[in-house]
Structure formats: structure tokens, C-alpha cells
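The next block holds one structure in the form of C-alpha cells; read it before the comments.
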Number of protein chains: 2
Amino acid sequence: MRREIEDQPICVAIVEDDEAIRHSLAQILNGSPGYLCVNAFESAEDAIANLPADPPDVVLMDIGLPGMSGIEATQILHDRLPETDVVMLTVQENDDAVFNSLCAGATGYLIKSMPPAQLLQSIDEVYRGGSPMSASIARRVIRSFQSEPDIASPLTRREREILEHLCNGESYRVIAEKLFISGHTVRSHIKNIYEKLQVNSRAEAVRKAMQEKLI
Amino acid sequence: MRREIEDQPICVAIVEDDEAIRHSLAQILNGSPGYLCVNAFESAEDAIANLPADPPDVVLMDIGLPGMSGIEATQILHDRLPETDVVMLTVQENDDAVFNSLCAGATGYLIKSMPPAQLLQSIDEVYRGGSPMSASIARRVIRSFQSEPDIASPLTRREREILEHLCNGESYRVIAEKLFISGHTVRSHIKNIYEKLQVNSRAEAVRKAMQEKLI
DNA sequence: GCCTAAATACCTCAAATGGGTGATTGACTC
DNA sequence: GAGTCAATCACCCATTTGAGGTATTTAGGC
């Protein structure tokens with residue numbers, strides 16, 4: 001917990017190009033006990049340049065910024081200020097952009113049309129180690145990290161089996177013995193695998209297999 | 001949506017070894033319009049054997065089952081019945097087990113002590129494509145899929161560089177040319193990499209590199 | 001019954017790989 | 001000044017791999 005003294009406010013920075021929204025958010029924050037808007041930028045570049053000097057607890061980041069997008073900015077800030085939580089500001093919640101933001105390192109997101117009370121509550125939840133999100137975003141997040149083997153795999157069952165052994169670094173001979181087939185057969189399968197995966201070495205095959213979760 | 005006719009109830013199966021809890025859950029479900037307990041098993045083995053014949057919409061799975069654990073069962077059911085959502089039943093929510101269950105394919109989880117209304121609401125949310133979860137679990141889930149390169153890598157900078165080329169399937173000679181060093185040096189580095197990663201082939205090194213996000 | 005895809009098997013050969021051993025240089029630490 | 005480590009280069013040698021072929025036998029789909 002960063003905030004040992006419980007009556008220290010949560011320090012928030014805003015990155016939002018629309019001046020009206022920016023001011024309105026700042027007012028909501030500064031008008032509420034426990035929250036403090038310490039900074040407000042109108043561009044990602046501005047925020048990246050100035051934030052590291054005085055890292056806030058939470059950054060509210062507009063997704064659709066002109067120039068550098070909020071998602072790119074999130075990636076950079078998340079790298080440089082690992083202690084700071086980035087929360088996205090978005091108009092529409094079931095958005096690819098929201099999902100991509102989470103991939104880029106955002107901890108949560110706010111819908112711009114949220115009532116102020118709920119908005120503050122979400123900030124608080126993020127600050128306390130949570131990640132509030134809607135049902136459908138939650139599902140997408142979970143799906144994406146449950147490594148589902150790609151059903152649309154171009155490989156046959158036997159080929160997948162061989163690929164698995166290949167990934168373990170087993171030699172043709174060992175694979176052949178384990179599968180009770182001849183080494184020649186293993187070679188044939190591997191050639192087919194390479195062709196289908198568009199690679200021409202074991203290393204590339206392993207990489208592709210891992211990346212596309214073929215096994 | 002599986003339930004085109006909106007007044008079809010959500011079909012739920014229960015896997016729970018404690019008879020009292022099992023009956024209580026079944027009663028809650030059957031006593032509520034829109035929900036139907038179609039099956040109740042006292043073991044994971046039982047459920048796996050009988051569920052595929054008549055797949056429910058949602059399975060409530062106890063985490064701490066005797067014999068095969070609920071997590072293993074989830075993995076199997078999730079594979080065999082991809083249309084069915086598995087929801088874990090747990091006493092304590094901020095549990096490694098819950099997180100592991102989600103990795104295994106669970107879509108959500110219920111706290112056994114939840115009031116019935118909230119319990120039904122969670123089932124409904126899962127059924128409608130959501131994934132209700134607590135703040136801290138949500139954060140863990142998000143963290144885990146934000147692929148942070150492992151900073152505690154045992155490899156030196158040069159070794160990581162070589163490893164990257166290795167993952168691309170480049171031959172020693174090509175790597176040597178690209179890095180303006182001799183092939184012998186490349187070999188030396190690779191030998192050191194293998195030793196540090198505790199592997200003895202390129203394939204295993206690539207796999208490890210991908211898994212541990214060393215590159 | 002025919003046809004295709006999948007799985008099986010065999011051959012040759014040049015190139016790449018991995019194991020072992022050892023040396024030199026520069027930088028950094030104690 | 002001694003010791004350590006990263007990075008570089010070197011040699012020997014057995015094994016593995018990848019690329020080029022060809023061919024037989026199942027198993028399913030039509």
C-alpha cells in the first residue's frame with residue numbers, strides 16, 4: 001500500500017484533449033475528499049514528458065488522443081512508472097480499444113458518461129489493487145489468457161503430436177521410439193509440419209507453435 | 001446465445017462432495033424461476049463420466065473435491081464441452097486455487113457463503129457471457145496476461161540478443177554475420193545460454209524463452 | 001467401389017548442431 | 001593487485017537435421 005496514512009488523498013493525473021472534459025474531471029476530483037488532481041495534460045506527449053518528475057497514484061488516460069494514442073502512451077508510462085496505475089477513459093466500453101489498453105498495461109477503465117460517484121469509486125477500486133471491468137471485457141480478458149489450443153490448426157492430430165515432441169527438443173529417433181513408428185515417418189511428418197507452418201527449422205516451428213498456441 | 005427462447009431456464013449441474021451444500025444449491029436453483037438444476041454429482045469423476053451425455057449451460061464446480069480436484073475436472077470439461085461454462089465454488093475468494101481455476105478454463109467463481117440472490121445473479125452473468133470476479137482476482141488476471149518481459153533473466157544482454165536470433169531459427173553463421181562476430185563466439189554464447197537455461201537443444205531454448213518471456 | 005488425406009516407410013547427402021576443452025581481452029569489484 | 005565475469009575466438013568430432021526424392025497402407029468421404 002502506497003498510502004499508509006489513510007487520509008492522504010489519491011493523487012490523480014488526467015490526460016485528455018477535450019478541455020471541457022478535462023476540467024470537469026479535475027473539478028470532480030478536487031471537489032471530493034480523498035482525491036486530488038495533481039496534473040492535467042492535453043496530450044500523451046505532454047504527459048510522458050512531465051509525469052515521471054512527479055508520479056501520481058493514478059493516471060486517467062483518454063483512449064482517443066490526437067497524436068500519440070492513449071494506448072501507446074499507456075505502454076510507455078506503464079514501463080517507466082510501474083507504481084502508477086493507468087486507467088483508460090472511453091466513451092464506449094465494449095471496445096477493442098479497451099481490451100488493447102489492458103494488454104498495453106492499463107489497470108482499468110472508466111466510461112466517460114459514468115456518474116461522478118461511480119467514477120470516483122472505480123478510481124478508488126483501482127487504487128486499492130482492483131481492476132473493475134464490465135462483464136464482457138472480463139470475459140475477453142479471461143479468454144485471452146486461457147491458452148486455448150487453436151482449433152483451426154492446419155495440422156493433423158498426428159502432426160500436432162509430433163510437434164509437441166519437437167517442442168520438447170526430442171530427436172527424431174527418440175520421437176520415433178516414443179510413438180512406435182520409424183524415424184523416417186517422423187521425418188515425413190516434420191516435413192509436412194514445416195510446410196504447413198511455413199517454416200524451415202525446428203526453432204521456428206517451436207516458436208510458431210508457442211505463439212499460435214498450436215499445442 | 002444458446003437460449004433463444006427467453007423463458008427457457010438456465011440448466012445447471014452441480015459438482016460438490018458435501019451433501020448438505022449440494023442439496024442446498026439444488027434447492028436454491030430449482031426454487032428460482034429461470035434456473036434448473038439438471039444434475040448433481042459428488043465427484044469430479046462422476047461428472048466427467050456423465051455430463052457429456054447431457055451438457056448443461058453452466059457447471060458449478062467445487063474446487064476442493066476429494067479424488068480428482070475441481071481444477072483438473074474443469075480443464076477436462078472445458079476441453080470436452082466448450083459450450084458449457086464452468087463456475088467454481090470456493091469458500092475463500094482470494095485464493096491461488098481460484099486463479100488457477102480460471103487458467104484451467106473456468107469462467108467465473110462463486111463464494112459459497114454468497115446470499116442466494118447474488119449467487120443466482122452471478123450464474124446469470126456467466127450465462128450471459130460475463131465473468132464476474134472480485135477486484136483482486138481481476139487484477140491478477142490482468143497482470144498475468146500483460147506480458148512483462150522477465151527482468152530477472154539470468155542471461156546477459158549479449159546472450160539475450162543471441163537467444164532472440166536463435167528463436168528466429170537463424171543458423172550460427174547467419175547470427176555471426178549479423179552481429180559481426182565469429183561463428184565460434186556465437187557457439188560459445190549459445191553453450192552458455194543452454195547451460196543457464198538448463199536445456200541442451202535449440203528447440204528447448206526457444207520454448208523456454210517463449211514461456212518465460214525472456215525475449 | 002473410388003478417391004483423397006493421413007500415416008507409414010525408405011534412400012542419399014550436405015549442412016548444421018551440440019559436447020568437450022581452452023585462451024585472450026577488458027571491465028568491474030574487493 | 002587478485003579475482004571474477006562478459007565477450008570474444010579457436011579446434012576436434014560425432015550426431016542430428018533439413019532438403020531432395022519415392023512409395024505403401026489405412027481410413028473416411030462420396
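Note that this is a predicted model, so its numbers are computed, not measured. Lettering of chains follows the sequences in order, A, B, ..., and the numbering in each one begins at 1.
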Contact list for residues 59-68 of chain B, test side chain to side chain donor-acceptor pair (under 3.5 Å), sequence neighbours left out: B:Asp62-B:Lys112

With nearest nucleotide decided by heavy atoms, which residue, A:Ile190 or B:Leu179, maps closer to the 5′ end of DNA chain D? B:Leu179

Could I get a table of every N or O pair under 3.5 Å where one atom is in the protein and the other is in nucleotides 21-27 of chain C?
from	atom 1	to	atom 2	distance (Å)
C:dT21	O4	B:Lys191	NZ	3.1

Residues in salt bridge (charged side-chain N to carboxylate O under 4.0 Å, His left out) with B:Glu125, at least two apart? none

Measure from NE2 on B:His184 to P on C:dT17 and round the result to the nearest Å. 14 Å

Can you tell me if the side-chain N/O atoms of B:Tyr194 get under 4.0 Å from OP1 or OP2 in C:dG18? yes

Can you sort out the partners of A:Arg202 under salt bridge (charged side-chain N to carboxylate O under 4.0 Å, His left out), two or more places apart, ordered by chain and number? none

Nearest-Å distance, CZ (B:Arg202) to P (C:dG18)? 6 Å

For B:Ser201, give me all partners under side chain to side chain donor-acceptor pair (under 3.5 Å), at least two apart in sequence or on another chain. B:Glu204

Using atom types as modelled and distance alone, determine if a side-chain donor or acceptor of B:Asn30 lies under 3.5 Å from a backbone N or O of B:Cys37. yes

With sugar-phosphate meaning primed atoms plus P, OP1 and OP2, does A:Asn192 contact a base, only sugar-phosphate, or nothing at under 4.0 Å between heavy atoms? nothing

Are the side chain of A:Arg140 and the backbone of A:Phe99 linked by a donor-acceptor contact shorter than 3.5 Å? no

Ignoring backbone atoms, test whether A:Arg158 places a side-chain nitrogen or oxygen under 4.0 Å from the OP1 or OP2 oxygen of C:dA6. no

If I take atom CG in residue B:Leu166 and atom P in nucleotide C:dT17, what distance separates them, rounded to the nearest angstrom? 8 Å

Touch class at under 4.0 angstrom, heavy-atom based, for B:Ser182 against every strand present: sugar-phosphate

Going by the rule salt bridge (charged side-chain N to carboxylate O under 4.0 Å, His left out), which residues pair with B:Glu170 if we only count those two or more places apart in sequence or in a different chain? B:Lys178

Just to verify, what does B:Glu72 make a salt bridge (charged side-chain N to carboxylate O under 4.0 Å, His left out) with, not counting sequence neighbours? none

For A:Glu204 and C:dT17, give me the distance from atom CD to atom C1', rounded to whole Å. 15 Å

Starting from the first five and the last five pairs of the helix from C:dG1-D:dC30 to C:dC30-D:dG1, work out the angle between the resulting helix axes, to 10 degrees. 60°

Length of the CZ-C1' vector between A:Phe180 and C:dA7, whole Å: 16 Å

Using atom names, set out every protein N or O paired with an N or O of nucleotides 28-30 of chain C below 3.5 Å, distance rounded to 0.1 Å.
none

Take atom NE2 of A:His189 and atom C1' of C:dA9, then tell me their distance rounded to the nearest Å. 10 Å

Does B:Arg187 make a side-chain donor-acceptor contact with the base of C:dG18, cut-off 3.5 Å? yes

Which pairs with one or both residues in residues 21-36 of chain B pass salt bridge (Lys or Arg N to Asp or Glu O under 4.0 Å), sequence neighbours excluded? B:Arg22-B:Glu42

B:Tyr172 side-chain N/O to C:dG18 phosphate OP1/OP2 under 4.0 Å: yes

In whole angstroms, the gap separating C1' of C:dT8 from CD1 of A:Ile175 amounts to 16 Å

Taking only the side-chain nitrogens and oxygens of A:Thr156, find out if one of them lies under 4.0 Å from OP1 or OP2 of C:dA7. yes

So which pairs with a foot in residues 185-195 of chain A pass salt bridge (Lys or Arg N to Asp or Glu O under 4.0 Å), sequence neighbours left out? none

Whole angstrom value for the distance that separates C1' of C:dA7 from CZ of A:Arg157: 12 Å

Would a distance-only check, ignoring hydrogens and angles, find a side-chain to backbone donor-acceptor pair under 3.5 Å from B:Thr74 to B:Gly70? yes

Value for CD1 (B:Ile48) from CD1 (B:Ile76), rounded to nearest 0.5 Å, stands at 4.0 Å

Using modelled atom types and a 3.5 Å cut-off, is there a donor and acceptor pairing between side-chain atoms of B:Arg207 and backbone atoms of A:Ala203? no

Does A:Ser171 reach a base, just sugar-phosphate, or nothing at all? Heavy atoms under 4.0 Å. sugar-phosphate

Does this structure show an ion pair linking B:Arg139 with A:Asp85, if we count only N-O contacts that are shorter than 4.0 Å? yes

Tell me whether A:Thr84 contacts the main-chain N or O of A:Pro56 through its side chain, where contact means a donor paired with an acceptor under 3.5 Å. yes

Using a 4.0 Å cut-off to any heavy atom of chain B, which nucleotides of DNA chain D are the first and last in contact, reading 5' to 3'? D:dA6 to D:dC11

